[in-house]
Amino acid sequence: MLLGGFAPSAQSQTSAEAADRIVVSGFEPFGGRSKNASWTLVQEIKKAFPTIIDRQIPVVWGAPLKAIEAEKNVPDVWIAFGEGSPAFQIEVLAHNRRGGFQDNESRPPSAPLIVEEGAAELKNKIDASALAAKLSAAGFPTRESSSAGAYLCEEMLYSLLHAQAKHSDGFRLVLFIHVPVLGKVVSSAATGDGTATKKVDAEYLAAFGRQLFAALQENQQIRISKTVSSLR
């Protein structure tokens with residue numbers, strides 16, 4: 001049974017050159033900060049690749065799965081971002097559990113599980129280590145991680161992997177990456193000696209977004225249209 005009553009994607013599936021329907025998401029601000037680096041990154045990616053569909057996810061328990069189910073057309077690709085890590089982290093493991101933290105509505109989770117009767121854990125099959133190495137070599141310190149945090153970021157990844165498991169007609173690629181908070185100073189991985197540093201701002205995140213999409217395109221993991229999509 002299709003999750004959330006999705007309809008088949010309106011993108012052509014017959015042409016080898018057909019562009020993917022790509023959703024890129026980030027979270028609203030939380031933790032007392034006025035901006036969320038993950039949403040800043042999404043906005044910068046949208047500027048560089050106007051055909052992607054951008055979605056801001058509320059920092060509210062249950063919001064990730066609701067956002068996924070709200071898509072009227074099945075995405076081919078969903079790339080999600082969250083903030084809080086000291087470097088860029090490609091999360092590969094998600095547990096079907098919620099921590100006891102309050103969300104932006106000052107509420108703890110209403111249920112301990114993300115998906116009732118869902119698998120205890122789900123693992124992303126993407127070659128995260130290879131992607132992390134490529135991004136690090138380009139100057140963006142990136143690592144693979146199996147600890148997504150038991151908050152909304154882990155819930156987002158679990159929800160995406162759950163949707164991927166339910167669909168044969170979409171979610172070919174799902175990805176969740178933690179990004180450093182705005183204003184943090186990070187070492188440039190390209191030098192390898194820790195002497196070169198970069199401040200995390202919109203410009204730096206924009207460069208990371210372009211490098212990420214270039215790496216995924218190079219590996220033929222995503223196909224991007226050159227024209228602006230009307231599927232919003």
Close side-chain approach of Arg143 to Pro86, heavy-atom, < 4.5 Å: yes

Rounded distance [0.5 Å steps], CD1 in Ile57 versus CH2 in Trp39: 8.5 Å

Separation between CD of Glu28 and NZ of Lys35, rounded to the nearest 0.5 Å: 15.5 Å

Ser110 versus Trp61, side-chain donor and acceptor atoms under 3.5 Å: no

Any donor-acceptor N/O pair, Ser25 side chain to Gln56 backbone, under 3.5 Å: no

Euclidean distance, Leu205 CG relative to Glu203 CD, rounded to 0.5 Å: 10.5 Å

Ion pair Lys66/Glu69, N-O distance below 4.0 Å: no

Heavy-atom pair of closest approach, residues Val59 and Pro29: CG2-O, 4.4 Å

Nearest-0.5 Å distance that lies between atom CD in Gln221 and atom CG in Leu175: 8.5 Å

For Ala207, all residues meeting side chain to side chain contact (heavy atoms under 4.5 Å, CB included), sequence neighbours excluded: Phe140, Arg210

Check: Phe176 ring centre within less than 6.0 Å of Phe81 ring centre: no

N/O donor-acceptor pair under 3.5 Å between Asp76 side chain and Arg21 backbone: yes

Side chain to side chain, Val23 and Glu71, heavy atoms closer than 4.5 Å: yes

Asp103 side chain to Glu105 backbone, donor-acceptor under 3.5 Å: yes

Let me check something: any side-chain donor-acceptor pairs from residues 114-127 under 3.5 Å, sequence neighbours excluded? List them with distances.
residue: Glu121; atom: OE1; partner: His95; partner atom: NE2; Å: 3.4
residue: Asn124; atom: OD1; partner: Ile126; partner atom: N; Å: 3.2
residue: Asn124; atom: ND2; partner: Val174; partner atom: O; Å: 2.8
residue: Asp127; atom: OD1; partner: Ser129; partner atom: OG; Å: 3.0
residue: Asp127; atom: OD1; partner: Ala130; partner atom: N; Å: 3.2

Interatomic distance, His178 atom NE2 to Ser85 atom OG [nearest 0.5 angstrom]: 6.0 Å

Heavy-atom side-chain proximity of Ile79 to Leu216 below 4.5 angstrom: yes

Pairwise side-chain contact, Leu212 with Leu131, heavy-atom cut-off 4.5 Å (strictly under): yes

Flag, side chain of Asp54 to backbone of Val42, donor-acceptor distance under 3.5 Å: no

Contact check, side chains of Phe213 and Ile52, non-hydrogen atoms, under 4.5 Å: yes

Distance-only polar pair, side chains of Glu83 and Ser38, donor-acceptor under 3.5 Å: no

Ile22 CD1 to Leu173 CG distance, which is reported to the nearest 0.5 Å: 8.5 Å

Check: Ile224 and Gln217 side chains under 4.5 Å, non-hydrogen atoms: yes

